[in-house]
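Since the structure comes first, as C-alpha cells, the remarks are kept for the end.
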Amino acid sequence: MPVLVAKDLNSKAVVLRYDWTVDQVRDLLERPLMDLLWQAQLVHRAANPGYRVQLASLLSVKTGGCQEDCAYCPQSMHNSSDVEGQPELVVQVQAVLERARAAKEAGADRFCMGWAWREIRDGVQFEAMLAMVSGVRALGLEACVTAGMLTDKQASQLAKVGLTAYNHNLDTSPEHYDQIITTRTYQERLETIQRVRSAGISLCCGGIIGMGESIEDRASLLCVLANINPHPESVPINALVAVEGTPLEDLPEVDPLEMVRMVATARILMPRSRVRLSAGREQLGREAQILCLQAGADSIFYGDTLLTTSNPHVEADRELLAQAGVHASWQVSDE
Ligand code: SAM
Ligand code: DTB
Ligand code: SF4
C-alpha cells in the first residue's frame, strides 16, 4: 500500500462544510474509536501542521451573583453554590493587567476574562472592561472576554479597543437546552454570536458534556456549531465540573473517552478551528488528555484556576505537553 504523504493529506482531509446533519455527526461520534482517531489525526495534521497548542489563561473579573439560572454554574444566584462575595476586580484595571502580565510570563498566549453577567452593562464597569482589553493587547497577548449578551454598540466598542475573541457558548443541544437554562433562550445565544461576528471579533463558542444529555444531544450541539459559517475560530469543549450546591452536583463524572470522542469529532467537523480542551481536565488524567491532543485539541486553559474551580497546575501542564511532544508558544521560535 502506498505511503500517505503530506500532499495527499492536504488535498483529501481538509473539507470545510456547513451543511452537516445530526445523523452524520452522530455517525462520526459513534465510530469505532480507532477509526475516529485516525480520521481526526488526518484532518488535524493536514489543516494545522506542527502540533502547536495555544495556552489560554482565565481570570474571573466579576464573580457570582449572576441572574441567569444555568444549572451547571456555581456563579448563578439561583444556586446555593453562589460564590458571590469574592473580591471584586470589575474596576481594578491595573490589578487585572498585573494578572495578565503574570500569565504572559508563565507562557500564556491568550488572556480570557470572565464576568458573571446576564449581559454587559454600560457605565464605569464597561469602561473598565475596555481598558482591560486594550491593556491586555498592549502586553502582546490575545484578549478574550466572556460576559453574557451584548449590544451591537458594545461589540463595536470592544472591537475598536482590539478585542481578539468573545466567548459565548451554546452549552448543549437546542433539544436539551431547557433542562439546563430557562432564563435565556437558545435563539438569544445565536443572536449574541451573530453580533460578535458582525463586529469583526473572533468567535469562541462551544459547550459542555456530562449534563445528562444523550449522544443525540451531543451530535446536535456539534451540528449547530459546525454549521455556523464561518466556523467559530475557537471551540471550547468542557466536561461538567459538578459543583456542590448546583442542581447538577450529583451527576457522574464524564468518561474520559467521551471527551476524546467530542474533541475528535469537533476536529473533523471544524478542521481549522482551535479546539480547546476546557473545564474538567483534572478529572481526565494524563493519558486521556494526551489522547485528546492526538485527536486534535490544540488549546488548553492554562493556569491554576478556571473561573471559580481549579485547573491542573502550570508545572503539571508543562510536563504534560512535553511528554506529549507538542509545542506551546514558549518553546516555539518562529520557524
Ligand atoms: N456569564 C457569561 C456567559 O454565560 O456567557 C460568561 C461566564 S460563563 C461561566 C462561561 C462558560 O463557562 C459557560 O457558558 C459554560 O459553558 C462554562 N461553565 C460554567 N460553569 C461550568 C461548569 N461547572 N462546568 C463546565 N463548564 C462550565
Ligand atoms: C469555557 O468554555 N470554559 C471556561 C471559559 N469558557 C470561560 C469556563 C469554565 C468554568 C468552569 C467552572 C468554574 O471554574 O467556575
Ligand atoms: Fe454562570 Fe454565565 Fe450562566 Fe451566569 S450566565 S449563571 S455566569 S454560565
Side-chain angles (χ1 to χ4, degrees), residues 56-84 86 110-121 129 143-150 165-173 176-177 180-186 188-193 195-196 203-213 221 225 232 234-251 253-254 259 262 266 274-284 297 299-312:
S57 285
L58 259 178
L59 175 68
S60 180
V61 176
K62 163 71 177 79
T63 306
C66 183
Q67 295 158 298
E68 302 279 5
D69 67 353
C70 310
Y72 51 78
C73 186
Q75 305 198 64
S76 165
M77 58 191 250
H78 302 267
N79 298 338
S80 63
S81 55
D82 185 10
V83 283
E84 199 175 16
Q86 306 213 347
R110 171 175 285 199
F111 193 67
C112 309
M113 296 166 280
W115 281 255
W117 283 344
R118 174 174 162 73
E119 70 258 300
I120 296 183
R121 300 145 196 202
M129 180 188 289
C144 180
V145 161
T146 182
M149 297 183 281
L150 79 183
Y166 194 85
N167 166 250
H168 198 71
N169 290 339
L170 292 173
D171 283 347
T172 191
S173 67
H176 189 58
Y177 186 82
I180 304 296
I181 300 140
T182 68
T183 50
R184 158 164 70 192
T185 64
Y186 215 76
E188 283 173 316
R189 288 191 186 252
L190 294 169
E191 285 164 14
T192 300
I193 286 166
R195 283 203 184 93
V196 170
L203 176 63
C204 174
C205 185
I208 310 175
I209 65 166
M211 301 196 297
E213 74 287 341
L221 164 66
L225 291 168
S234 53
V235 181
I237 306 288
N238 297 274
L240 175 72
V241 180
V243 179
E244 215 182 305
T246 63
L248 305 185
E249 65 181 356
D250 290 327
L251 285 183
E253 275 188 12
V254 167
M259 280 298 271
M262 281 298 284
R274 276 205 183 278
V275 176
R276 183 168 304 114
L277 185 55
S278 301
R281 278 200 299 121
E282 282 189 321
Q283 308 145 38
L284 284 189
S299 177
I300 57 171
F301 281 121
Y302 176 69
D304 297 352
T305 52
L306 292 165
L307 291 172
T308 67
T309 64
S310 59
N311 196 42

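When a ligand or atom number is given, it counts from 1 through the structure's own listing order.
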Worksheet item: When only distance counts, is Asp171 in polar contact with ligand 1, meaning an N/O pair under 3.5 Å?
Response: yes
Fill in: Ionic contact status for Asp69 with Arg184, cut-off 4.0 Å
no
Worksheet item: Just heavy atoms, cut-off under 4.0 Å: does Arg118 contact ligand 1 by side chain, backbone, both, or neither?
Response: neither
Worksheet entry | Per-atom contacts, ligand 3 versus Arg184 - under 4.0 Å to a heavy atom | 5 (S)
Practice prompt. Pick, from Asp171, Thr146, Ile208, Ile237, the option with the minimum heavy-atom distance to atom 7 (C) of ligand 2.
Written response: Thr146
Worksheet item: Is Cys70 close enough to atom 4 (Fe) of ligand 3 to have an N, O or S atom under 2.8 Å?
Response: no
Practice prompt. Give a yes/no on ligand 1: does Lys62 have at least one heavy atom closer than 4.0 angstrom to it?
Written response: no
Discussion item. Can you report which non-hydrogen protein atom sits closest to atom 26 (N) of ligand 1, along with the distance?
Written reply: Ile208 CD1, 3.6 Å
Discussion item. With a heavy-atom distance limit of 4.0 Å, tell me whether Asn167 approaches ligand 2 through its side chain, its backbone, both, or neither.
Written reply: side chain
Worksheet item: Less than 3.5 Å between some nitrogen or oxygen of Gln75 and one of ligand 1, yes or no?
Response: no
Worksheet item: Does NZ or CZ of Arg281 come closer than 6.0 Å to the centre of the six-membered ring of Phe301, within 45° of the ring's axis?
Response: no
Discussion item. Below a 4.0 angstrom heavy-atom separation, can you tell me which part of Leu307, side chain or backbone, both or neither, approaches ligand 2?
Written reply: both
Item to complete: Tell me which part of Ala239 gets within contact of ligand 1: side chain, backbone, both or neither, using heavy atoms under 4.0 Å.
Response: backbone
Worksheet item: Is there any N or O on Tyr72 that sits under 3.5 Å from an N or O of ligand 1?
Response: yes
Item to complete: Give yes if a backbone or side-chain nitrogen or oxygen of Ala147 is under 3.5 Å from a nitrogen or oxygen of ligand 1, and no if not.
Response: no
Fill in: Test item, Gly148 contacting ligand 1 (heavy atom, 4.0 angstrom)
yes
Worksheet item: Which atoms of ligand 1 have any heavy atom of Trp117 under 4.0 Å away?
Response: 1 (N)
Worksheet item: Relative to ligand 1, is Thr246 under 4.0 angstrom through side chain, backbone, both or neither, heavy atoms considered?
Response: neither
Fill in: Residue part near ligand 2, for Asn238, under 4.0 Å between non-hydrogen atoms
side chain
Worksheet item: Between Pro74 and ligand 2, which part of the residue brings a heavy atom under 4.0 Å of the ligand: side chain, backbone, both or neither?
Response: side chain
